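Just below is one structure, and these are the notes that go with it.
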Amino acid sequence: PAPAERRSAPTASEGDSEAPTHCCAAGLDAGAGMMRTATRAALWALAVSQLAALAAGAAVGDEVSALPGWSGPLPSRHYSGYVDVSADPGTTPGRFLHYYLVEAEEVDPASAPLVLWLNGGPGCSSMEGLFSELGPLFIDEFDPTQLRRNPHTWARTATVVFLEAPIGARACARARA
């Protein structure tokens, strides 16, 4: 088979107003590509550090108290919101990544391992991982208006953060000026 074609990430002029930062495009160009890779690495480090801080004490305003299709209390505390990964957080317009955090169910969340979950590929939301792979609740395959318990959830023994990426992904909102 022929080797896979390597190409750089699309520029803003090739589509979205913010060029997507896709992991497969990192480091493919010399010079400027190395700078983009360093910038991406710094943004990811910032996002992960902010997510770790969230796991230690998630914002009360981001707590999820109920979900459609689930009639009882949630199996543990859930949070959903946005992490500002701008080079200068708090600036307008900012760059945001959506997160959904599920605290550990059977161990103390303060000492539980922190798992960062990223679904891969364009068009594959991390919400798919949350609601159909390893999250505590699944969308019922026979009645998609209902949720059902996942007995094999990773959240039994770990706090799990589902992060939408890259910036500009369709499931991710971004601030507008």
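Owing to the predicted nature of the structure, the values given are computational and were not obtained by experimental measurement.
Residue pairs meeting the salt bridge (charged side-chain N to carboxylate O under 4.0 Å, His left out) criterion with at least one partner in residues 105-119, sequence neighbours excluded, are Glu105-Arg149, Glu106-Arg156. The salt bridge (charged side-chain N to carboxylate O under 4.0 Å, His left out) analysis of residues 67-80, with sequence neighbours excluded, yields the pairs Glu63-Arg77.
How far CH2 of Trp154 is from CG of Leu134: 5.5 Å, rounded to the nearest 0.5 Å. With values rounded to the nearest 0.5 angstrom, Leu130 atom CG is found 12.5 Å from Leu163 atom CG. Phe131 contributes atom CZ, which lies 9.5 Å from atom OG of Ser125 (distance to the nearest 0.5 angstrom). Phe138 CZ to Thr153 OG1: the interatomic distance, rounded to the nearest 0.5 Å, is 7.5 Å. Once rounded to the nearest 0.5 Å, the distance linking CD of Glu128 with CZ of Phe162 reads 11.5 Å.
When all heavy atoms of Pro136 and Val102 are compared, the closest pair comes out as CG-CG1, 3.8 Å. Nearest heavy-atom pair across Leu147 and Leu67 is CD1-CB, 3.9 Å. For the pair Arg148 and Asp140, the tightest heavy-atom approach, listed with the atom from each and the gap, is CD-OD2, 3.8 Å. Between Glu103 and Pro109 the shortest heavy-atom distance is OE1-CG, 3.6 Å. Counting all heavy atoms, side chain and backbone alike, Leu137 lies closest to Pro75 at CD2-CG, 4.2 Å. Closest of all the heavy-atom pairs between Ala112 and Ala158 is CB-CA, 4.2 Å.
Asp62 and Tyr82 share no donor-acceptor pair across their side chains, judged by distance under 3.5 Å alone. Counted by atom type alone, His98 and Ser80 present one or more donor-acceptor pairs between their side chains at under 3.5 Å.
Within the 4.5 Å cutoff, side-chain heavy atoms of Tyr100 are placed close to those of Met127. A 4.5 Å side-chain heavy-atom check between Val64 and Leu74 finds at least one atom pair inside the cut-off. Residues Leu97 and Glu164 fail the side-chain proximity criterion, which asks for heavy atoms closer than 4.5 Å.
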Test Val161 against Trp117 for side-chain contact (heavy atoms from CB on, under 4.5 Å), laying out the working first. CA-CA 6 Å; Val161 177; Trp117 182 263; over 6 Å; no
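Taking Glu133 as the reference, nothing meets the salt bridge (Lys or Arg N to Asp or Glu O under 4.0 Å) condition, with sequence neighbours excluded.
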